[in-house]
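To keep things clear, I will list the structure first and then write my remarks on it.
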Amino acid sequence: MFSLLSCRSLTRSAWRLGLFGNRWIIAGVITQTAGQLALTYLPAMNRLFGTAPISGGAWLRILGVAALTALVVAADKRLRHQPL
C-alpha cells in the first residue's frame with residue numbers, strides 16, 4: 001500500500017500529490033486492509049487459509065519496512081529528477 005501511494009507519479013512525492021487525491025486508490029487501500037485484517041484475525045479465515053494472528057510488534061516491523069520502501073521510492077524520484 002505504501003508503495004502504491006508512492007508510485008502514483010514518476011516525479012512528484014506522495015505528499016505533494018496528496019494522499020486522498022484518488023478516491024479509487026483509497027477505496028482499494030481500505031478494502032485491502034479489511035481483507036488483510038480478516039485473513040489475519042478471523043478464526044474462520046485462519047482455518048480456511050492456514051493463517052494465524054500476529055503480534056503488534058510484528059505489525060510495527062511490517063510498517064517499518066513499508067515506510068522504508070516509501071522513503072527509497074521518494075529518494076529515487078528526487079535523485080532522478082533533480083536539475084543538473
(message) Do Ile62 and Leu60 sit in one hydrophobic cluster, given that two such residues count as connected whenever their side-chain heavy atoms are within less than 4.5 Å of each other, even indirectly?
(response) no
(message) Let me check something: do Val73 and Leu71 share a hydrophobic cluster, defined by ILVMFWY side-chain heavy atoms less than 4.5 Å apart, either directly or through other members?
(response) no
(message) Can you tell me how far apart CD1 (Ile30) and CZ (Arg23) are? Round to the nearest 0.5 Å.
(response) 13.0 Å
(message) Just verifying a value: how many Å separate Trp59 CH2 and Leu37 CG, rounded to the nearest 0.5 Å?
(response) 5.5 Å
(request) Heavy atoms only: give me the nearest Leu39-Met45 pair and the separation to one decimal. (result) CA-CB, 4.0 Å
(message) Using a 3.5 Å distance criterion without hydrogens, assess whether the side chain of Tyr41 forms a donor-acceptor pair with backbone atoms of Ile54.
(response) yes
(request) State, to 0.1 Å, how close Asn46 and Thr40 come at their nearest heavy-atom pair, and which atoms those are. (result) ND2-O, 3.2 Å
(request) Report yes or no: do Trp24 and Val29 belong to one cluster of Ile/Leu/Val/Met/Phe/Trp/Tyr joined by side chain heavy-atom distances under 4.5 Å? (result) no
